[in-house]
Amino acid sequence: MSAEQTLSIIKPDGLQKNLIGEIYGRFEKAGLEIVAARMMHLTKEQAEGFYAVHKERPFYNDLVSYMTSGPVVVQVLQGEDAINNNREIMGATNPDDADLGTIRKDFAASIEENVVHGSDGPDTAAQEIAFFFGDDGICPRTR
Ligand code: IDP
Ligand code: MG
């Protein structure tokens with residue numbers, strides 16, 4: 001499989017726990033390159049738009065409150081099988097179900113406050129990357 005890109009977010013609890021470097025280290029050790037990055041405090045409208053797919057879920061309003069409770073760090077990860085690779089590094093949505101050594105097993109407090117987001121497939125990856133970085137926000141490695 002050729003190099004792929006995926007959208008990753010370190011969520012507000014991840015910043016509160018001061019885990020940016022720890023999480024970036026895990027990405028880099030797994031061979032993923034960070035090719036775009038920004039820190040931002042999502043507005044309610046941005047969080048609602050990003051998670052629109054979950055609009056009908058009972059946890060939607062809480063999810064929007066959580067995602068706007070503090071700043072986040074958003075990045076594009078690039079590498080072989082990046083989407084699945086990142087999902088493996090993250091672990092299952094519910095930390096109780098996550099494998100040992102994953103970010104969520106090691107750091108998540110609950111199924112909601114689970115530290116990281118990662119795209120779940122090629123279509124959502126493309127949409128989510130465009131949502132945060134538009135057409136020209138990526139910085140390809142030139143060396
Ligand atoms: P994912 O982040 O592992 O892809 P999704 O099912 O896409 O999981 O859910 C998006 C986010 O919504 C989760 O990461 C988590 O923060 C929150 N969430 C998912 N399921 C629940 C739930 O049952 N209760 C509360 N929050 C949830
Ligand atoms: Mg998801």
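Note that ligands are numbered from 1 as they come in the structure, with each ligand's atoms numbered from 1 the same way. Just so it is clear, the structure is predicted and the values come from calculations on it, not from any experiment.
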Tightest non-hydrogen contact, residues Q46 and F131, listed as O-CZ, 3.4 Å
Donor-acceptor under 3.5 Å (Y60 side chain, E48 main chain): yes
Does G91 offer a backbone N or O that forms a donor-acceptor pair with the side chain of K105 under 3.5 Å? no
Side-chain donor or acceptor of R38 paired with backbone N/O of F133 under 3.5 Å: no
If you scan protein heavy atoms around atom 15 (C) of ligand 1, the nearest is I111 O, 3.3 Å
Using a 4.0 Å cut-off to any heavy atom of R87, which atoms of ligand 1 qualify? 1 (P), 3 (O), 4 (O)
With no hydrogens and no angle check, is any side-chain donor or acceptor of N114 less than 3.5 Å from a backbone partner on A108? no
Is R104 close to ligand 1, meaning an N/O of one under 3.5 Å from an N/O of the other? yes
Tell me the protein heavy atom at minimum distance from atom 16 (O) of ligand 1, and give that distance in Å. E112 O, 2.8 Å
Does the residue D120 have a heavy-atom contact with ligand 1, meaning some pair of atoms that are separated by less than 4.0 Å? no
For N114, take its heavy atoms, then give the atoms of ligand 1 lying under 4.0 Å from any of them. 13 (C), 14 (O), 15 (C), 16 (O)
Residue pair I23, V115: steps toward the side-chain contact (heavy atoms from CB on, under 4.5 Å) verdict: CA-CA 10 Å; I23 291 170; V115 185; 3.7 Å; yes
Look only at the side chain of Q78 and the backbone of E33, and say whether a donor-acceptor pair between them is shorter than 3.5 Å. no
What about Y66: any of its N or O atoms under 3.5 Å from an N or O on ligand 1? no
protein heavy-atom neighbour closest to atom 1 (P) of ligand 1 works out as T93 OG1, 3.6 Å
Under 4.0 angstrom from ligand 1, any heavy atom of E113? no
Element-labelled atoms of ligand 1 that are located less than 4.0 Å from some non-hydrogen atom of H54: 5 (P), 6 (O), 7 (O), 9 (O), 10 (C)
Tell me which one of F59, Y60, Y51 gets a heavy atom nearest to atom 18 (N) of ligand 1. F59
Quick check: R57 and ligand 1, any N/O pair under 3.5 Å apart? no
Checking Q5 side chain against V76 main chain: does a donor-acceptor pair fall under 3.5 Å? no
Could you tell me whether a side-chain N or O of R87 sits under 3.5 Å from a main-chain N or O of G118, the two making a donor and an acceptor? yes
Run the numbers for me: atoms of ligand 1, each under 4.0 Å from some heavy atom of K11, listed by number. 13 (C), 14 (O), 16 (O)
